[in-house]
Amino acid sequence: MRRVLPGVTAASGMALGRARLEQPARFTIDPTPLAENEIEAEIARLERALDTAQTELTELRGKLHGALAREVGEFIDAHSLLLHDAELINGLRDLIRKGRYRAGAALKMQRDRLVAVFDAMDDPYFRSRREDVDHVIARVQSALARQASSEERKLASRVGEILVTESIAPGELAHLSGHGVLGVVATGGSTYSHSAILARSMRLPMLVGVRDALTDLRDGDLVLIDAERGEAVVHPTAQDLTRYRNWQRDTAREGKRLARLARAPTQTADGCELRLYVNAELPGEITQARALGASGIGLYRTEFLFLKRDRLPDEEEQFCAYRDAVLGMGGLPVTIRTLDLGADKADGTGLALAAEPNPALGVRGVRLSLRRPAIFAMQLRAILRAACYGPVRILVPMVTDAGELAAVRTLIEHCARDLRTEGHEIPDQFEIGAMVEVPAAAIGVRALLSVSDFLAIGTNDLAQYVLATDRNNDSLGQLYDPLHPALLRLLARVIRAGARANKPVSLCGEIGGDPRFAPLLVALGLTDFSMHPGRILNMRDALARCNRNALRALAPELLKAKSREEVAELLKTA
Ligand code: PEP
Ligand code: MG
């Protein structure tokens, strides 16, 4: 019989499939206290379970590719951090050693204690962080009980299923959606959770807070997730299915309308031409860039060549990767960014960097490259050689002052000379540009322009440095605000300076591909946007609705705004 289970929409859309129930791991906890001579063995058991949990997380991270890898990777890293949290681990050891609890009981006590702290918080965003604690502890519990939870999850990886669960960790969500799971019904969870954010960006319908789902549903029940209405329909009727088909038809129509935009020019409603570039690193993303009618690659991140390996990629390997990207773009410009790694990401790169207390403010990006001239020269030589196959621009990350870019230019000239002497055909001129992601670079933009051929604004980092808000620290939530008036003023300053110097300025941070920010960026005078390929069509669509003249006229008011709310209000008037 048809039943409707109400919930809260965490990611909109609809999905029809068979229920796959995943009961929360209810661990049988042995309450008998440990004998003195059992303590060390129990601690060793806990350590092994912690190691297994970490290995699982690392494996999960290794399976992610492309843009998703960045997004989900951050969530997985957050879980890894929690797994190594000194307070958590020491608390567990103390419970075992001093309290004589068995590892399972100690885990449960620590979990309950942490969850109580989160539950007591007023802020729903912080409250939602308790899910992370739950996921991490459940993973360790599962390792302890020798229940290979990842194996269980794999069983769920069957096409056409709706996962019904208490909650799900982001890495697993990404994995399951790649294996045919169509939607998620969670009994717990929150719309602020990492998984919810991720489900939205993957367009995977997700309901949270469907309290009775695990008791009301049986494995194999036909379930229609209607996240447009915020409900799950069990045993849907013909009428429900018609509603689903209509939704599918409308969504397909919208998809087709957007697909047609792949061949359309990018212009505003009042006919101003704009350029959309792609942020890419994988061959698939380069193919997509062309198919979507992008103007080129605005940001080719090269870190992937260096990560997850114990030796550095040599010149030949790098050259092949860069050349293939250039060939793949068939004559459109490819902006290759030199290595942007620091102490936080250097593990397993063969770079052997010393640990730093504050890697985001440490030796990263161009700072590292200039300190390792041999490694840098190898990369520059590979890029210069690839430049024989099509237009290449060299983009330098984390530039703080013009002197750094001048030093890079000198090094490039040396490399070019050497390559020519060795008989390589190297183009006469190269375009060399700086990322504007350090506030000093934005404030001193004129000096930077005097040594740059172009600029690319990296708002992901610029926002973190201007707002003194770690981009990876979820607990800072709303503080990481791309609409902050101070940030807008800096963006406007850089865009204006570029226009005056007649040098291209693009924006390649996440907001550059977010249709919600399209009117704002147009108002600030931006004409070149770079984004994940999956965002190109939506952005083209959003830009086509913008009236550039009206928005530009708003700019002086926007720049005087005192709050993000005022900015949002002003934009409504254009
Ligand atoms: C940025 O900082 O905005 C940017 C595009 O670079 P990344 O995200 O790679 O740091
Ligand atoms: Mg950056």
Side-chain angles (χ1 to χ4, degrees), residues 64 66-75 77 201 276-282 285 289 294 296-307 334-346 349 358-369 379 393-400 404-405 433-442 445 448 454-473 480-484 487-488 490-491 494-495 504-514 517 521 524 526 528-536 539:
L64 303 168
L68 214 53
R70 291 177 71 75
E71 203 167 346
V72 183
E74 283 168 15
F75 299 146
D77 291 344
S201 75
L276 301 187
Y277 294 86
V278 156
N279 295 349
E281 57 187 13
L282 300 171
E285 289 163 346
I297 304 290
L299 172 64
Y300 183 83
R301 291 184 169 105
T302 56
E303 291 74 54
F304 80 98
L305 285 166
F306 291 76
L307 295 170
V334 176
T335 313
I336 302 180
R337 182 174 73 180
T338 59
L339 190 60
D340 187 12
L341 286 180
D344 51 342
K345 298 206 186 111
T349 56
N358 215 337
L361 303 180
V363 184
R364 64 169 276 203
V366 70
R367 303 170 183 183
L368 175 66
S369 296
Q379 178 168 46
R393 312 197 303 173
I394 303 176
L395 178 60
V396 185
M398 273 301 280
V399 173
T400 308
E404 287 167 329
L405 203 71
M435 292 277 295
V436 179
E437 46 189 353
V438 173
V445 63
L448 198 54
F454 68 96
L455 297 177
I457 311 177
T459 43
N460 301 341
D461 277 314
L462 188 60
Q464 96 162 334
Y465 296 130
V466 169
L467 306 169
T469 303
D470 182 349
R471 64 192 262 191
N472 297 319
N473 184 343
Y480 189 84
D481 176 12
L483 278 185
H484 193 293
L487 190 60
L488 300 191
L490 272 188
L491 293 184
V494 175
I495 295 167
V505 174
S506 66
L507 189 152
C508 55
E510 288 303 298
I511 62 169
D514 188 332
F517 295 109
L521 297 175
L524 298 183
L526 189 72
D528 293 24
F529 302 70
S530 194
M531 65 205 71
H532 182 271
R535 309 244 166 106
I536 289 269
M539 202 59 185

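Whatever order the structure lists them in is the order used to number ligands and atoms, beginning at 1. In this chain, residues are counted from 1 in sequence order.
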Sub-4.0 Å heavy-atom contact, Gln464 with ligand 1: no
Environment of the Mg ion (ligand 2) in terms of protein N/O/S atoms, cut-off under 2.8 Å: Glu437 OE1, Asp461 OD2
Between [atom1] of [X] and [atom2] of [Y], what distance do you get to the nearest 0.5 Å?
{"X": "Phe529", "Y": "Asp514", "atom1": "CZ", "atom2": "CG", "result": "11.5 Å"}
{"X": "Thr459", "Y": "Met435", "atom1": "OG1", "atom2": "CE", "result": "8.5 Å"}
{"X": "Thr338", "Y": "Glu303", "atom1": "OG1", "atom2": "CD", "result": "8.5 Å"}
{"X": "Leu507", "Y": "Met531", "atom1": "CG", "atom2": "CE", "result": "9.0 Å"}

What are the atoms of ligand 1, with element, lying closer than 4.0 Å to any heavy atom of [X]?
{"X": "Glu437", "value": "1 (C), 2 (O)"}
{"X": "Cys508", "value": "5 (C)"}
{"X": "Arg337", "value": "6 (O), 7 (P), 9 (O)"}
{"X": "Gly458", "value": "1 (C), 2 (O), 3 (O)"}

Test item: Tyr465 and Met398 side chains (from C-beta on) under 4.5 Å apart, heavy atoms: yes
Val505 and Ile457, any side-chain heavy atoms less than 4.5 Å apart: yes
Sequence-distant partners of Leu467, side-chain contact (heavy atoms from CB on, under 4.5 Å), two or more places apart: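 Once residues adjacent in sequence are excluded, the partners of Leu467 under the side-chain contact (heavy atoms from CB on, under 4.5 Å) criterion are Ala463, Thr469, His484.
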Residues that Glu437 engages under side-chain hydrogen bond (donor to acceptor under 3.5 Å, both in side chains), provided they are two or more places apart: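 Here no residue qualifies.
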Nearest option to atom 1 (C) of ligand 1, as decided by whichever heavy atom of Asn460, Leu299, Asp340 sits closest: Asn460
Partners passing salt bridge (charged side-chain N to carboxylate O under 4.0 Å, His left out) against Arg364 (at least two apart in sequence or in another chain):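 Partners of Arg364 by the salt bridge (charged side-chain N to carboxylate O under 4.0 Å, His left out) criterion, ordered by chain and then number, come out as Asp340, Asp461.
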Ligand 1-proximal atoms of Arg301, by part, heavy-atom distance under 4.0 Å: side chain
